Amino acid sequence: MSRLYTLRKQAVGAPPTTPQAAEIDFRTELNDQQYAAVTSPPGQALVLAGAGSGKTRTLTYRVAYLLANAVAAQNILLLTFTNKAAREMLERVDALLPGQTGGLWSGTFHSICNRILRRHATLAGLTTGFTILDAEDSKSLMSKIVKESGVGKRVENATGEKFPKAPVIQGILSYATNTKKSLEDVIREKYSPDPDFIHGVHEIAKLYEKKKRTANSLDFDDMLVRTLELFDEHPHVLAEYQYQFQFILVDEYQDTNPIQSDVINALAGQHGNVMVVGDDAQSIYSWRGADFRNIISFPERFPDAQVYKIETNYRSTPEILHLANEAIRPNQKQFKKTLRSSRGPSKQKPVLAALYSPQEQAIFVTQRMRELHEEEGIPYREMAVLYRAHFQSMDVQLQLTQDGVPFTVTSGLKFFETAHIKDFSAFLKLAINLRDESAFDRIVKLLPGVGAGTAAKMWALWLMKATKLGDKLPESFSNFMSGIKVPARAEKDWQQLGWTMDEFLTPEGTLQPPMVVMKSIWEGIYKDWLKAEHENFESRSQDVTQFMRFGDRFETVFDMLSELSLLSGPEAAEENPASREESVVLSSVHQAKGLEWNVVFIIWLTDTMFPNMRAAEEGESGLEEERRLFYVALTRARDQLYLLYPRMNPKSYTGDVFQQPSRFLETLPRESLEEWRIGR
DNA sequence: TTTATTAAAGTTTTT
DNA sequence: CTTTAATAAA
């Protein structure tokens with residue numbers, strides 16, 4: 001006879017009992033609204049926190065509060081938008097309650113799901129060494145499928161219209177997955193209602209799915225999908241996690257999409273202790289399936305939910321806040337809330353300036369930054385340039401370089417996405433997952449005389465051998481590889497590669513630690529390839545050295561790779577040594593979410609760029625999202641804000657084009673702005 | 001048939 | 001600047 005023995009519910013509402021808890025005075029360190037949210041009883045809670053209102057602080061103290069009330073760290077799950085946000089929050093909790101966060105799970109949905117899948121790889125139909133396809137990997141896999149299958153050609157012949165390219169198909173599949181809509185609906189809505197198209201994309205999707213399974217690899221969306229499948233097929237696994245995560249906290253809830261919502265619901269299970277924090281006005285990821293109505297409908301979906309509002313803004317000057325409030329006002333769909341500034345009036349009103357050209361805009365930004373730095377002593381790291389799209393930062397980058405102002409770009413060229421770093425890590429990926437087609441392709445195409453055709457033939461052979469081996473490491477890579485034919489001029493390199501990969505193995509037949517493996521790759525083969533391939537060998541080899549330093553932190557190649565693929569833009573940039581120095585930040589508005597600076601320049605505020613023309617064409621909902629994005633941009637600034645746009649856009653072939661100022665600028669109250677006329 | 005080279009054109013936002 | 005398309009060469 002088994003017996004159910006229930007542990008008493010942790011008393012969350014009870015006064016602090018541990019000695020550490022006594023040291024945190026929650027009442028005085030938080031304002032009334034924050035305090036109410038932090039001390040919320042178990043159950044569902046929605047915290048609506050305006051921009052700059054101490055959202056992170058609230059979440060941090062909530063975690064501390066739970067810990068202080070004898071909730072064990074391993075019973076808490078903290079879901080954040082970036083891994084960096086998770087790390088920072090834990091550091092802050094650790095400052096409040098030193099050494100008590102061990103065992104707490106935190107990170108993005110993707111990293112948490114990845115962690116779960118690694119633990120139950122076999123149950124999920126994978127092997128422990130499964131690899132992750134980043135956006136580029138899955139794109140090239142997809143285009144390979146389109147070419148190989150001939151589906152594109154066939155559909156084009158049948159319809160006379162162009163078949164979508166790999167990135168478009170990928171976008172369609174991903175959107176369908178994230179919104180849980182049917183593929184058919186999404187194609188109709190986003191592309192074409194033609195049955196030939198729908199059928200074609202379906203076919204591609206199937207082949208793509210099959211290829212991923214054969215390759216023992218997952219793309220980003222798969223991490224969530226496969227976790228949910230795992231829970232579905234193995235209820236005891238789900239139960240284990242439901243039991244573990246007694247308290248779930250979700251940051252940036254306004255940007256969660258239906259599939260992420262499913263993950264939350266699955267984990268919350270019976271206890272339902274879920275606190276979600278967000279701001280509907282800052283929902284900017286609808287194109288990734290997020291729906292801000294999620295946050296608005298939360299109280300309806302969970303009738304017992306407590307709702308807390310946090311409305312005091314500690315970040316911005318009243319002028320900036322007033323501007324932001326006015327900017328978002330035209331949006332019909334929003335929670336009404338009044339953000340009050342806790343600060344006194346500023347000495348510098350927000351500035352609006354029209355520049356003649358993008359170059360002049362860049363000169364203005366650079367010159368003003370240098371002034372603020374040299375005359376007012378504002379550190380460079382306290383200044384940022386924000387824009388709607390990466391390419392809009394090019395002029396500024398050029399000018400900053402010319403004038404010797406140090407800067408970091410948090411988007412665009414991401415350290416881990418540069419060709420040489422991806423090449424380098426492909427060796428590692430292949431070592432832990434012999435079936436990784438993307439990695440194989442990448443490596444093999446580095447050989448002289450090997451292109452797509454030869455690579456495909458080699459892959460067929462390789463896969464057969466790997467399958468025969470059954471996911472174990474070969475005893476000798478060189479033997480394993482010797483049976484595969486390569487073109488005459490690649491022969492020497494191919495052999496060398498085999499010998500190099502032999503060095504990956506320990507005498508016991510397991511994989512060496514990351515540093516040993518990476519040294520082999522570098523010394524054994526990649527150094528020479530890189531030297532032959534690129535002129536700027538020096539800077540690229542420094543990147544590789546930096547990458548090896550990153551890898552040295554991990555005990556196994558497994559750990560290293562699973563972390564690697566999940567690093568997002570801003571955090572990946574931090575691995576780049578240049579970014580740690582004192583430097584100005586250039587960032588897309590999306591990536592600036594959750595960050596703040598003393599001085600913010602928003603550039604390219606013209607009517608085709610911001611709002612983005614394509615988004616504006618989507619109608620009112622598209623425009624509202626652009627407006628929220630503008631709101632996010634404005635509320636990043638603490639003290640000084642510069643709104644800039646060029647009057648003229650010089651294009652190479654059509655000649656100069658006049659620019660309309662952004663329609664968002666028209667609704668701003670003039671009395672809160674200072675217009676600067678720019679002389680030359 | 002496959003690879004290497006050269007010319008041309010086009011760019012939202014990202015875990 | 002980066003990716004794709006067209007052409008030359010092996």
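Small disclaimer: the values here were computed from a predicted structure and weren't measured. Naming: A, B, ... by sequence-line order, numbering from 1 per chain.
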Does the side chain of A/Gln591 get closer than 4.0 angstrom to OP1 or OP2 of B/dT13 through an N or O atom?
no
I want to check one thing: is the phosphate of B/dT13, taken as OP1 and OP2, less than 4.0 Å away from some side-chain N or O of A/His390?
yes
Between A/Arg388 and B/dT12, is there a side-chain N or O to OP1/OP2 distance below 4.0 Å?
no
Residue-phosphate contact under 4.0 Å: A/Thr454 side-chain N/O, B/dT3 OP1/OP2
yes
Drop me the distance from A/Met223's CE to A/Leu228's CG, to the nearest 0.5 angstrom.
13.0 Å
Has A/Arg489 got a side-chain N or O lying under 4.0 Å from the OP1 or OP2 atom of B/dA4?
yes
Lys/Arg N to Asp/Glu carboxylate O, A/Glu563 vs A/Arg553, below 4.0 Å
no
Determine whether the aromatic ring of A/Trp287 stacks with the base of B/dT13, defined as ring centroids separated by less than 5.5 Å and ring planes inclined by less than 30°.
yes
Centroid-centroid under 6.0 Å between A/Trp604 and A/Tyr645 rings
no
How does DNA chain C look in dot-bracket notation if pairs are Watson-Crick or G-U with both distances under 3.5 Å, crossing ones as [ ], other-strand ones as |?
||||||||||
Could you walk me through whether A/Phe292 and A/Tyr285 satisfy the ring pair (Phe, Tyr, Trp, His ring centres under 6.0 Å) test, starting with their C-alpha distance in whole Å, then the side-chain angles of each, then the deciding distance to 0.1 Å, before giving a yes or no?
CA-CA 9 Å; A/Phe292 72 100; A/Tyr285 280 85; over 10 Å; no
OP1 or OP2 of B/dT14 less than 4.0 angstrom from a side-chain nitrogen or oxygen of A/Ser588, does that happen here?
yes
Looking only at atom P, what distance separates C/dT4 and B/dT13, rounded to whole Å?
16 Å
Taking for each residue the nucleotide of DNA chain B with the nearest heavy atom, is it A/Ala615 or A/Lys445 whose nucleotide lies nearer the 5' end?
A/Lys445
Taking side chain to side chain donor-acceptor pair (under 3.5 Å) as the definition, give me every residue that meets it alongside A/Arg119, ordered by chain and number, with sequence neighbours left out.
A/Tyr241
Measure from NZ or CZ of A/Arg115 to the centre of the six-membered ring of A/Trp105, then state whether that distance is under 6.0 Å and the direction lies within 45° of the axis.
yes
